[in-house]
Number of protein chains: 2
Amino acid sequence: MGKIEDAIRQREFKDPYNKAVVNLLFTHSYLVTLQNALFKPYDISPEQYNVLRILRGQNGVPTTVSSIQDRMLNKMSNASRLVEKLKTKGLLIREECPTDRRQVDVVISEKGLNLLRELEGKVEESNRTLIHLTEEEVRQLNDLLDKMRG
Amino acid sequence: MGKIEDAIRQREFKDPYNKAVVNLLFTHSYLVTLQNALFKPYDISPEQYNVLRILRGQNGVPTTVSSIQDRMLNKMSNASRLVEKLKTKGLLIREECPTDRRQVDVVISEKGLNLLRELEGKVEESNRTLIHLTEEEVRQLNDLLDKMRG
DNA sequence: GTGAATTTAATGTATATACATACAAATGTA
DNA sequence: TACATTTGTATGTATATACATTAAATTCAC
């Protein structure tokens, strides 16, 4: 694939900051395209996978919708609707919180845990192979991204 | 904002590759949230802005929908519908191609050019301020992203 | 304790992505 | 030329994002 200039047929950028924004947007598209392909056979989207991982990270402790939202990669997403989709698929259990009736308690189901187990190795392998960098370079990338957001 | 671990309240990652994927997804969300806010007063989306820039880059030469698609950051997007939206707003002109009636010729309108001129400085400034890196570091980031995609 | 303010979740609407499919026009081939 | 294939664009449907609004439950102030 190589340089962004070839990929989107743009000769040059105004400055490296401008290029970085475009490069990040394009790289995101590269990532999610591959992720979609990975998850498609399991009838799940990358966002739904992420919610399931958040729930598993709670180790069985019920989580509210707003807490899921907080931990999501996209803060503007709509945890409420994603939870509804996952419930329909039987991948999580949602019930009214007894101590605060505004909230709902969400827990990953056995079926959800099994799906995560099935996907785990594939996701890990995919993450490694789609990033063509040495371990030292990936660490650099992570540091730059963390610093970049200020 | 700082480290991704704090931002999404995840204690640790399996390996730096895994972290990089999450970090890229999260950074993308950070970027587009700020871009949306920038473009909103002009009643335009980041994707629509990108299409207008592609058209301006043609310097008045008519462009087909598939050529726009090729140059877009997201290859799976739907140039046809974006062009339709921009036409409704009067930001571009779309007409049947005389030599090949399957194709449509798309050219940016004067109104579209004016909008780009109005936005130009703001976008450039925004791109600089939302990336908290030195020029040397941004170049590094660009190189890593280019290399990462293989 | 009552009413205002806040919190939590759900819903409504517009936009965009992802992918399949349809259809017309152009091209290639026998 | 006739017909199959390919190309260019549009459309249909499901999912997700972005953001405003609603409604119910809780908390706070008095």
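Just so it is clear, the structure is predicted and the values come from calculations on it, not from any experiment. In what follows, chains carry the letters A, B, and so on, assigned in the order in which the sequence lines appear, proteins first and then strands, with residues in each chain numbered from 1.
A/Phe39 has its CZ atom 14 Å from the P atom of C/dA18, to the nearest Å. The CD-C1' distance, from B/Gln35 to D/dT17, rounds to 14 Å in whole Å. One can place NZ of B/Lys40 at 11 Å from P of D/dA18, the figure rounded to the nearest angstrom. Residue A/Gln69 contributes atom CD, which lies 13 Å from atom P of D/dC19 at whole-angstrom precision. Atom CG of A/Asp70 is separated from atom C1' of C/dA9 by 14 Å (rounded to the nearest Å). Across the protein-nucleic acid pair, B/Glu96 atom CD and C/dA25 atom P stand 8 Å apart, rounded to whole Å.
Residues that satisfy the side-chain contact (heavy atoms from CB on, under 4.5 Å) test with B/Ser66, not counting sequence neighbours, are B/Thr64. Applying the side chain to side chain donor-acceptor pair (under 3.5 Å) rule to A/Asn78 yields the partners A/Arg81; only residues at least two apart in sequence or on another chain are considered. Take B/Ser29 and apply the side-chain contact (heavy atoms from CB on, under 4.5 Å) test, not counting sequence neighbours, and it matches A/Asn74, B/Thr33. Residues passing the side chain to side chain donor-acceptor pair (under 3.5 Å) test with A/Asp105: none are found, sequence neighbours excluded. Partners of A/Thr134 by side-chain contact (heavy atoms from CB on, under 4.5 Å), not counting sequence neighbours, listed by chain and number: A/Glu136, A/Glu137.
Sorted by first and then second residue, the pairs that involve residues 59-72 of chain A and meet salt bridge (Lys or Arg N to Asp or Glu O under 4.0 Å), not counting sequence neighbours, are A/Asp70-B/Arg9. Applying the salt bridge (Lys or Arg N to Asp or Glu O under 4.0 Å) definition to pairs two or more places apart or across chains, none involves residues 22-48 of chain B. Residue pairs meeting the salt bridge (Lys or Arg N to Asp or Glu O under 4.0 Å) criterion with at least one member in residues 83-94 of chain B, sequence neighbours excluded, are B/Glu84-B/Arg94.
Taking both residues in full, the closest heavy atoms of B/Glu12 and B/Gln10 are given as O-NE2, 3.2 Å, listed atom of the first, atom of the second, then distance.
Taking side-chain N and O atoms only, B/Ser80 has a distance below 4.0 Å to OP1 or OP2 of D/dA10. Applying the 4.0 Å criterion to OP1 and OP2 of D/dC19, one finds that A/Asn78 has every side-chain N and O outside that range.
A heavy-atom distance below 4.5 Å is not found between the side chains of A/His28 and A/Leu25. Residues B/Asn142 and A/Pro16 are in side-chain contact: their nearest non-hydrogen atoms beyond the backbone lie under 4.5 Å apart.
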Restricting both atoms to N or O, compile the protein contacts to nucleotides 13-16 of chain C shorter than 3.5 Å, with distance only.
| unit_1 | atom_1 | unit_2 | atom_2 | d |
| --- | --- | --- | --- | --- |
| C/dA16 | OP1 | B/Ser45 | OG | 2.0 |
| C/dA16 | OP1 | B/Gln48 | NE2 | 2.9 |
| C/dA16 | OP2 | B/Gln48 | NE2 | 3.1 |

Could you list, one pair per line, each protein nitrogen or oxygen that sits under 3.5 Å from a nitrogen or oxygen of nucleotides 4-8 of chain C, together with the distance?
| unit_1 | atom_1 | unit_2 | atom_2 | d |
| --- | --- | --- | --- | --- |
| C/dT7 | O2 | A/Arg102 | NH1 | 2.9 |

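Side chain of B/Arg94, nearest nucleotide from D/dA10, C/dA9, D/dC19: D/dA10.
The backbone N or O of A/Val32 sits less than 3.5 Å from a side-chain atom of A/Asn36, completing a donor-acceptor pair. Side chain of B/Ser109 to backbone of B/Ile93: no donor-acceptor contact under 3.5 angstrom is found.
Of the residues in residues 49-56 of chain A, none has a non-hydrogen atom less than 4.0 angstrom from any atom of DNA chain D.
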For DNA chain C, the expected dot-bracket line (Watson-Crick or G-U under 3.5 Å, [ ] crossing, | inter-strand) is ||||||||||||||||||||||||||||||

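Map A/Thr63 and A/Thr33 each onto its nearest nucleotide of DNA chain C; the residue landing nearer the 5' end is A/Thr63. The residue among B/Asn36 and B/Ser67 whose nearest nucleotide of DNA chain D is located toward the 5' end is B/Ser67.
B/Asn114 and B/Arg117 are linked by a side-chain donor-acceptor pair at a separation below 3.5 angstrom, with hydrogens and angles left out of the test.
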